[in-house]
Amino acid sequence: MAQEHKLARVPAERGNAVLHGIALSILCVISYWLITHLLAHVFSVSRDDDLLGGMWAVVATVFVYRYSYEQSTGAALSRMAATSLSFALCFIYLLFFPSEVWGMAALIGIGAVAMSVLDRPEDVITTGITTAVVMVVAAISPDHAWKQPILRLLDTIVGVAVGVAGAFIALKSPYRRRPGRELENTG
């Protein structure tokens, strides 16, 4: 199963690389804006936290937007699996305990074991990074520590959704140009 989710490298022509970079830039602006402007009006802990959320949504978009729609959806599933596990671990922990380095270390270890047992060893890194971010931000804002997993999950969902939507629009179109081929309808 782990091999099925492995993302193959796709060589990019220079023109495609430029278009890919432009599309990724636009998608990142959309993710950032959605979190720092729309979501911040609905649920804001602080301006600093809103900016962190914007950054986290951008990270999710960068993580997800690949050179093919199939790669993008695979990356989206990977990102959501890792973030969901991290969310659950951090949320439960922060309901009862303050953010501490030993708690963060324990949660990273538990997340690594869980992802390995779930046959998703490729998601151990993302689970660990997400857990570290949530726990450090919870330590910075201890008054709202339990909210951090919820906020980072929402940021990730927005970033992943923007990345997948962008991949669908830009990469799944039946009329997009393919290397070495004329325009074709593959639908």
Side-chain angles (χ1 to χ4, degrees), residues 1-12 16-17 19-35 38-39 43 52-94 104 107-135 137 147-174 176 178 186-187:
M1 181 173 174
Q3 293 299 333
E4 293 172 17
H5 295 291
K6 191 173 184 176
L7 301 176
R9 292 178 54 110
V10 176
N16 287 342
L19 290 175
H20 182 83
I22 291 168
L24 180 58
S25 296
I26 292 167
L27 294 172
C28 288
V29 167
I30 292 168
S31 292
Y32 185 84
W33 185 84
L34 286 171
I35 293 299
L38 291 184
L39 190 59
F43 189 74
L52 174 73
M55 181 217 51
W56 201 243
V58 167
V59 167
T61 300
V62 170
F63 186 92
V64 167
Y65 188 71
R66 306 289 173 104
Y67 282 96
S68 76
Y69 177 72
E70 292 73 21
Q71 284 183 336
S72 294
T73 56
L77 292 173
S78 174
R79 181 62 191 230
M80 289 310 305
T83 300
S84 296
L85 177 62
S86 178
F87 161 77
L89 293 173
C90 292
F91 184 72
I92 292 167
Y93 177 92
L94 291 169
M104 177 180 68
L107 293 178
I108 290 171
I110 293 167
V113 170
M115 281 300 178
S116 295
V117 168
L118 293 170
D119 198 26
R120 298 191 64 87
E122 67 278 5
D123 293 335
V124 168
I125 295 167
T126 307
T127 304
I129 291 169
T130 303
T131 300
V133 168
V134 169
M135 293 299 285
V137 173
K147 295 178 183 177
Q148 292 304 319
I150 298 167
L151 292 171
R152 301 302 70 94
L153 178 64
L154 291 172
D155 301 335
T156 300
I157 290 169
V158 168
V160 166
V162 169
V164 170
F168 182 80
I169 292 166
L171 304 173
K172 187 99 171 138
S173 168
R176 81 178 178 93
R178 305 224 171 148
T186 60

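Reckoned from all heavy atoms, side chains included, excluding hydrogens, waters and symmetry mates. Sequential numbering from 1 along the given sequence is applied to the chain's residues.
Heavy-atom minimum distance, Ser86 versus Thr131: OG-OG1, 2.9 Å. Pairing each heavy atom of Leu154 with each of Ile35, the nearest pair is O-CD1, 4.4 Å. Of all non-hydrogen atoms in Arg120 and Ala81, the two that sit nearest each other are NE-CB, 3.7 Å. Heavy-atom minimum distance, Val164 versus Thr73: CG1-CG2, 4.4 Å.
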Enumerate donor-acceptor pairs with a distance under 3.5 Å from any side-chain N or O in residues 52-62 to protein atoms, sequence neighbours excluded.
{"from": "Trp56", "atom 1": "NE1", "to": "Thr156", "atom 2": "OG1", "distance (Å)": "3.1"}
{"from": "Thr61", "atom 1": "OG1", "to": "Ser31", "atom 2": "OG", "distance (Å)": "2.5"}
{"from": "Thr61", "atom 1": "OG1", "to": "Ala57", "atom 2": "O", "distance (Å)": "3.1"}
{"from": "Thr61", "atom 1": "OG1", "to": "Gly159", "atom 2": "O", "distance (Å)": "2.9"}

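Contact of the Met104 side chain with the Val133 side chain is not registered, since no non-hydrogen atoms from C-beta on lie closer than 4.5 Å. With a 4.5 Å cut-off on side-chain heavy atoms, Arg152 and Val137 count as touching.
Taking the six-membered ring where tryptophan is involved, the planes of Tyr69 and Phe168 are perpendicular, since the angle between them exceeds 60° and thus also 30°.
One distance of note links CD1 of Ile129 with CD1 of Ile108; it measures 9.5 Å at 0.5 Å rounding. How far CD1 of Ile110 is from OG1 of Thr127: 12.5 Å, rounded to the nearest 0.5 Å. Between Trp33 atom CH2 and Leu38 atom CG the span is 4.0 Å, to the nearest 0.5 Å.
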>> As a quick check of understanding, evaluate side-chain contact (heavy atoms from CB on, under 4.5 Å) for Ser78 and Phe63, giving each step before the final call.
In response: CA-CA 10 Å; Ser78 174; Phe63 186 92; 4.3 Å; yes

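Every residue two or more places apart in sequence or in another chain that forms a side chain to side chain donor-acceptor pair (under 3.5 Å) with Thr83 is listed here: Arg79.
Screening residues 108-117 for side chain to side chain donor-acceptor pair (under 3.5 Å) gives no qualifying pairs among residues at least two apart or on separate chains.
Between the side chain of Ser72 and the backbone N or O of Arg66, at least one donor-acceptor pair lies under 3.5 Å. For Ser84 (side chain) and Met80 (main-chain N/O), a donor-acceptor pair under 3.5 Å exists by modelled atom type.
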